[in-house]
Amino acid sequence: MTRQPVLTPQSEDFPRWYQDVLSKAELAENGPVRGTMVIRPYGYSIWERMQAELDTRIKAAGAENAYFPLFIPESYLRKEAEHVEGFAPELAVVTRGGGKELEEPVVIRPTSETIINTYFSKWVQSYRDLPLLVNQWANVVRWELRPRVFLRTTEFLWQEGHTCHATAGEAHDYATRILHDVYLDFMVNVMALPVLVGAKTPSERFAGAINTFALEAMMRDGKALQMGTSHELGQNFAKVFDTLFLDSEGRQEHVWQTSWGVSTRLVGGLIMAHGDDRGLCIPPRLAPVQIVVILVRGGGGSEEAVAEVAGSLRAAGVRHRVDSDVETSFGRRATGWELKGVPLRIEVGPRDVEAGLATIVRRDDGTKTQVRMGEAGSLAVQLLEQIQSEMLDQARLRRDERVADVDTLDQVRESTENGFARIPWSQVGESGEAELAEDGISIRLLHRPDGSLPRAGADTELVAIAARAY
RNA sequence: CGGGACGUGGCGCAGUCUGGCAGCGCACCUGCUUUGGGAGCAGGGGGUCGCCGGUUCAAAUCCGGCCGUCCCGACCA
């Protein structure tokens with residue numbers, strides 16, 4: 001009984017490793033229509049945890065959930081010129097319904113700015129109606145040419161927030177508040193990912209936005225993944241949808257808007273940022289199952305000991321599972337829980353019971369500890385927080401090793417082979433950006449030298465983060 | 001949409017060149033022995049060989065067409 005490699009090693013073929021994890025950890029698989037995915041129960045439970053954590057933060061930022069239709073009249077999309085131009089290539093359009101040709105084709109939402117603004121314009125009359133802060137959890141469709149499960153699928157699940165404000169400054173502040181208090185906080189403190197924040201270059205901006213902020217994470221192969229965006233829409237949509245309000249002095253003004261979203265792509269980011277050759281590795285605060293208690297084999301009071309440990313976990317409010325499937329060999333079960341990335345495993349068998357000990361095994365670094373049986377539950381719970389912070393530290397170390405400070409485009413090309421390049425934006429510019437794009441390298445974001453967001457118009461020394469991206 | 005590869009039980013593949021009973025590993029089912037890092041033995045079930053047409057006594061194999069998937073280039077959360 002020797003340990004065999006279960007997955008294609010990351011170093012051998014990273015995309016293949018990713019596919020192996022999706023399959024072996026029972027996360028997701030391809031749907032019958034190209035670009036669609038079936039999210040399996042375990043994969044979906046991870047998304048549900050993400051939703052729960054994000055939803056709490058979104059509500060804390062004052063937004064309320066609502067729901068708008070999947071079908072959008074094609075004419076709505078056309079109203080905002082940049083918007084329709086940006087999305088036209090990836091629209092799915094319904095032309096028949098009820099067995100008849102439709103009078104006006106209906107698009108399946110690629111995002112909901114247009115339909116939501118149609119209603120915002122009815123709901124907003126006065127400055128007293130502002131700010132209007134709405135979020136929706138939904139699926140959207142963007143026809144993809146090269147789909148990859150979770151990372152880029154034709155249909156995906158997300159949340160999209162849409163807000164109206166009385167002034168440009170308020171809209172700006174809210175877009176950055178969402179970026180920091182909802183997205184950055186969630187990614188750093190729950191997903192244990194040290195993401196970079198910044199503004200997108202004009203060419204990478206959302207279609208119809210005046211400014212796009214983004215969060216970028218580094219995957220274990222050194223490539224970048226955009227984990228979320230928050231846009232300042234200015235008055236672009238307000239003007240074409242006549243979203244107007246009367247200010248306190250009786251003047252009619254267009255509202256200033258934001259929109260912001262994160263999607264099931266986050267699951268792909270989780271896999272590729274924390275996963276290793278043993279499979280998925282989920283930080284405890286996110287994990288749908290934080291601790292699994294394994295009955296190694298029955299007899300000798302093992303069942304009772306397992307029940308006792310599980311009882312203490314339940315009392316502590318820990319998300320846990322008991323694995324008493326002794327019909328399946330221990331090795332297979334241990335490997336299976338590792339593949340699924342459960343942060344901690346507590347092993348209990350007759351041998352442990354006899355010694356009055358239990359074995360605690362960490363998923364992130366593989367260390368095993370023998371502890372007194374009666375303390376196993378409480379010690380494990382304490383370990384969860386330690387693992388959480390150490391996973392963030394490790395991810396930060398891995399990233400920092402692969403971020404290079406450079407001065408020339410050639411150096412950018414070299415260091416983005418396996419990581420990020422940080423270069424003064426003045427050395428790149430829009431021409432340099434186009435040049436790099438030909439080699440598959442993009443400017444992921446711009447920020448100030450200390451990593452904070454650019455200030456509109458006021459910054460002369462912005463730093464560009466360049467990388468190859470998913 | 002251009003360039004390359006590939007479609008054979010649930011998954012991964014061999015067989016195709018040189019036409020002749022559709023195979024292997026994993027998974028699955030039954031039984032026994034096992035169980036502290038993917039257990040062993042024995043028995044068993046499951047495939048219109050991507051689709052359509054052609055050649056032939058005979059096609060997974062040869063020919064034509066179509067469909068689909070994956071990888072590499074132009075878009076995105």
Side-chain angles (χ1 to χ4, degrees), chain A residues 1-8 13-16 19-20 22-24 26 29-35 50 85-91 110-111 138-161 183 200 203-207 212 214-217 224-231 259-269 278-279 294-300 302 324-339 345 347-355 357-359 361 366 368 370 437-440 442 469-470:
Chain A
M1 287 202 269
T2 53
R3 182 180 292 171
Q4 301 290 327
V6 178
L7 306 168
T8 304
D13 185 342
F14 196 82
R16 182 70 181 266
Q19 294 292 337
D20 284 353
L22 293 177
S23 159
K24 296 285 181 64
E26 300 177 352
E29 51 198 84
N30 286 307
V33 173
R34 179 181 168 77
M50 291 176 170
E85 189 185 330
F87 281 107
E90 33 186 3
L91 291 182
T111 181
N139 59 339
V140 287
V141 167
R142 299 177 185 179
W143 218 259
E144 286 294 344
L145 305 178
R146 272 187 68 190
R148 290 190 68 178
V149 170
F150 285 127
L151 301 175
R152 191 172 45 227
T153 47
T154 286
E155 179 191 9
F156 57 90
L157 307 182
W158 77 344
Q159 62 62 219
E160 49 178 323
Y183 296 156
K200 285 291 184 184
S203 68
E204 296 271 334
R205 235 170 240 161
F206 176 74
T212 289
L215 305 98
E216 296 277 337
L225 184 70
Q226 180 171 303
M227 302 284 284
T229 49
S230 183
H231 314 289
S259 72
W260 27 278
V262 294
S263 72
T264 39
R265 171 180 280 183
L266 291 174
V267 181
R278 289 171 163 196
I294 299 194
L295 175 65
V296 176
R297 49 185 301 192
S302 304
S324 305
D325 179 22
V326 293
E327 295 299 311
T328 302
S329 75
F330 172 77
R332 171 169 295 271
R333 290 184 288 148
T335 306
W337 291 112
E338 277 173 3
L339 276 167
R345 192 164 77 231
E347 302 173 356
V348 177
R351 211 181 283 172
D352 302 281
V353 173
E354 195 175 345
L357 299 172
T359 307
V361 187
K368 300 185 180 187
Q370 299 254 298
E438 291 182 8
D439 296 322
S442 52
Y470 278 96

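Being a predicted model, the structure only gives us computed values, none of them experimental.
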Write out a two-atom table: protein N or O, nucleotide N or O from nucleotides 25-28 of chain B, distance below 3.5 Å.
residue, atom, partner, partner atom, Å
B:A27, OP1, A:Arg332, NH2, 3.4

Exercise for the section: Mind checking salt bridge (charged side-chain N to carboxylate O under 4.0 Å, His left out) for A:Glu29 and listing every partner two or more places apart, or none if nothing turns up? Expected result: A:Arg40
Exercise for the section: With heavy atoms under 4.0 Å as the rule, sort A:Ser23 into base, sugar-phosphate or nothing. Expected result: nothing
What does the list of N/O pairs under 3.5 Å between the protein and nucleotides 2-9 of chain B look like, with a distance for each?
none

Exercise for the section: Just grab all the side chain to side chain donor-acceptor pair (under 3.5 Å) pairs involving residues 143-155 of chain A, residues at least two apart or on different chains. Expected result: A:Asn139-A:Glu155
Practice task
Could you list the residues that satisfy salt bridge (charged side-chain N to carboxylate O under 4.0 Å, His left out) with A:Glu204, not counting sequence neighbours?
Solution key: none
Exercise for the section: Report, as a single string ordered 5' to 3', how protein heavy atoms within less than 4.0 Å touch nucleotides 69-77 of chain B: B base, S sugar-phosphate only, - not at all. Expected result: SS-SSBBBB
Practice task
Kindly write out the residues that satisfy salt bridge (charged side-chain N to carboxylate O under 4.0 Å, His left out) with A:Glu90, not counting sequence neighbours, or none if the list is empty.
Solution key: none
Fill in the blank from the handout: Hits for side-chain contact (heavy atoms from CB on, under 4.5 Å) against A:Arg332, two or more places apart or cross-chain, chain-then-number order -> A:Thr328, A:Ser329
Exercise for the section: Would you please name every residue forming a ring-ring contact (aromatic ring centres under 6.0 Å, His included) with A:Phe330, sequence neighbours left out? Expected result: none
Problem - Qualifying residues under salt bridge (charged side-chain N to carboxylate O under 4.0 Å, His left out), relative to A:Arg142, sequence neighbours excluded - result: none
Completion exercise
Per nearest nucleotide of RNA chain B, the residue lying toward the 5' end, A:Arg16 or A:Ser302, is A:Arg16
Problem - Counterpart residues, side-chain contact (heavy atoms from CB on, under 4.5 Å), relative to A:Ser302 (two or more places apart) - result: A:Leu295, A:Pro350, A:Val353
Exercise for the section: Return the set of residues passing ring-ring contact (aromatic ring centres under 6.0 Å, His included) with A:Tyr183 (not counting sequence neighbours), or none when no residue passes. Expected result: none
Practice task
Any chance you could lay out the side chain to side chain contact (heavy atoms under 4.5 Å, CB included) test for A:Gln370 and A:Asp352, step after step, and finish with the verdict?
Solution key: CA-CA 9 Å; A:Gln370 299 254 298; A:Asp352 302 281; 4.2 Å; yes
